[in-house]
Amino acid sequence: MRRKSGTCLWALAAALWAQSAGAQTAGTSSTSTGGTGGSTTSSGAGTATGGGNLQFELVKIGDVEYPRAARQSLNVPVGKAGCKAGGTITVTVRNLLGGNTLPYLEAWLGTGNAACNEMGRSTRVTASQNCTKLEIPNPDQVQVGNRSYYDVDVVLGPTCDSDGPRPIYFLQLASENSNGAATSWGAINLKVDTKAPKAPGGVKGGTGQTVIPLTWEVGDVADTSFYYVVADKTLGGLGDWDAGPDGNLPDGANAECPSGVVRSGKEFDPSSIPDTVFNRRLEGVGRTTFEFNGQDFPGLTIVPVAVVAQDLAGNTSVMSEIVCLRVEPTTGFWKRYQDDGGEVEPGCACSAVGARGKSKSALAGVSMLLVLGWACARTRTRRRAR
Amino acid sequence: MRLNRITVLALASFALTTGAASALHAQEVPKGTANTQAQTELDPHLKPAARKFESPERFMLELHVGPYKVFRGEPWNVFSGDLGPSLSANVDGILYRLPRILYVTAGGSFGWTRFAANAVGNSGDQVDEETTLTLLPIIASAQVRVDALARLLGIPLILAGRVGWGWSHWDTNTGLINDAEGWSLGPYFAGQLALDLDFFEPGGARALDEEWGINHTYLFAELSHFATTSKSLPVGGTNWTAGLGFVF
């Protein structure tokens with residue numbers, strides 16, 4: 001019965017999937033041939049041929065990488081880094097339909113209620129709908145194994161100036177400069193978010209030799225998905241800072257461990273971290289701890305450290321308050337035990353009990369195991385005989 | 001008419017038997033009744049209490065948890081504020097069973113305990129870094145377990161004594177540095193007082209046996225002593241644990 005109901009579920013799912021695919025094709029066909037009421041058409045639209053879904057493998061936008069996702073519609077936040085350089089973002093596309101051939105693509109930006117997935121490739125501008133064609137410079141082909149990928153630069157332009165949703169529809173054409181209907185389409189729902197998260201608060205640094213804890217408070221959880229911990233590895237922690245004639249500390253520096261690089265309130269750019277700065281990007285909403293290894297800071301006894309929050313769009317906060325890690329040799333139980341006259345030598349059981357005891361203890365242990373084994377075997381034999 | 005004593009007894013027993021039989025007959029459910037519950041309760045072959053089912057007893061499993069203290073009173077005891085805890089599992093094979101009186105078993109246990117304390121810095125003050133000691137005790141032992149109180153007298157208490165030999169692997173670290181590791185060994189003794197759970201829910205106990213083959217369950221408290229040899233790191237001592245046990 002279970003198997004039957006499972007089969008039914010699979011059949012139902014397959015039917016629903018087929019229905020949804022058919023509805024999509026039907027919708028695009030009718031729109032492209034009949035047009036949408038109230039829309040203005042700027043380019044000729046051929047008869048839609050239906051077609052499949054364009055597949056995206058989004059690798060990175062700006063400096064922020066996203067996990068590979070092959071689906072028609074992706075929801076991707078775009079931050080300040082993704083919008084820089086004139087609002088150009090790079091999308092990596094794999095052409096599933098044409099194998100290794102170059103896909104001829106058009107990109108359309110939709111705002112308002114726009115669903116610019118028309119196979120007819122029409123620009124529509126109304127009070128509630130706006131589909132505008134975006135510029136796509138020549139895509140770069142990237143060969144990965146036997147597959148071809150294409151890095152497509154999409155220039156968002158002024159649309160990056162304000163935060164909000166920016167859906168981009170990619171239409172695949174049958175040939176270069178084709179006037180015909182698109183053969184397939186796919187959408188990436190970009191959400192422009194250039195607002196930086198708050199810097200973490202309550203930062204505390206510890207003391208140790210190989211494990212030095214750093215803790216902070218969760219802060220703006222909803223907007224923070226990653227943390228950077230940054231530490232100045234330069235001796236004295238002053239880095240590139242010049243004290244100047246009055247000898248004052250730079251703004252945001254901690255007097256106990258002054259640094260010109262790691263300073264409270266300073267902007268942090270993950271793409272240009274100097275070699276003198278130790279940094280780790282930590283994943284996990286709600287993460288509040290990190291453990292440094294003092295061996296990463298040779299020659300230092302005090303190290304300035306800050307925490308930076310990063311949101312899903314890749315925006316980074318300014319550096320948190322600066323705290324000082326203290327690196328110093330430590331002693332634990334074993335040293336204390338030896339200092340107090342502990343005799344035992346580390347090693348296997350034989351060496352641990354010493355020359356005098358090893359023969360007796362090993363003999364006793366082995367004998368006991370043999371007796372127990374014999375007794376078990378005998379009991380089992382008796383039960384079988386019954 | 002003189003009736004001797006034997007005749008009187010015979011008549012009395014006849015009367016009792018007849019009366020009991022008629023009483024039993026009076027409780028019988030007429031044939032064809034739909035009251036199957038009543039039939040089940042009255043039929044001596046179906047009545048649950050009349051059925052005797054007991055699966056074979058072959059093994060015992062005990063799950064232990066409890067505080068564990070090491071190096072009591074020693075100057076090097078940096079873990080004085082740490083009570084472990086100690087977690088362990090013990091499996092015994094039943095070598096001999098004197099029905100309703102006692103078991104003789106043999107088996108072994110494997111456990112885990114970890115202690116941590118702040119390490120000490122240059123100044124002699126404690127720092128955030130930790131120093132740790134992890135113990136993995138392995139014990140081979142034989143046990144005598146007396147359950148006559150529970151089985152014969154209805155007092156749900158079981159007494160057990162265990163003698164064995166222990167090998168405890170120890171590993172001590174400070175921060176990421178592995179300071180030392182080795183084995184401590186020595187004789188092991190334990191005494192246990194257990195509360196037989198079958199006593200409180202006999203129906204459930206029998207269902208557990210019929211469904212899973214678990215003959216008995218019990219809660220226990222155990223006092224143990226691990227006497228490490230003189231050349232071993234003295235990770236032994238007297239400690240107690242409590243837990244849940246199964247006979248199956």
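Every chain is numbered from 1, with letters handed out A, B, ... down the list of sequences.
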Checked Val120(B), Leu133(B), Asn173(B) vs chain A; the most non-hydrogen pairs under 4.5 Å come from Val120(B)
Side chains of Thr210(A) and Glu129(B): any donor to acceptor distance under 3.5 Å?
yes
Looking only at Leu176(B), Thr131(B), Thr174(B), Val78(B), most heavy-atom pairs under 4.5 Å shared with chain A are made by Leu176(B)
So, the part of Phe115(B) with a heavy atom under 4.5 Å from chain A: the answer is neither
Open item on the list: Is the distance between the ring centroids of Trp334(A) and Trp170(B) under 6.0 Å?
Closed with: yes
Per-residue tally against chain A (heavy atom, under 4.5 Å) across Thr228(B), Thr172(B), Thr132(B) peaks at Thr172(B)
Cut-off 4.5 Å, heavy atoms of chain B, and the answer for Asp339(A) is neither
Is it true that Gln143(B) and Thr105(B) share a donor-acceptor pair across their side chains at a distance under 3.5 Å?
yes
* Go through the side-chain N and O atoms of Glu57(B) and Tyr103(B) and say whether any donor and acceptor fall under 3.5 Å apart. => yes
Under 4.5 Å to a heavy atom of chain B? For Pro213(A) that would be side chain
Note to self: Side chains of Glu62(B) and Tyr218(B) only: does a donor on one sit below 3.5 Å from an acceptor on the other?
What the structure shows: yes
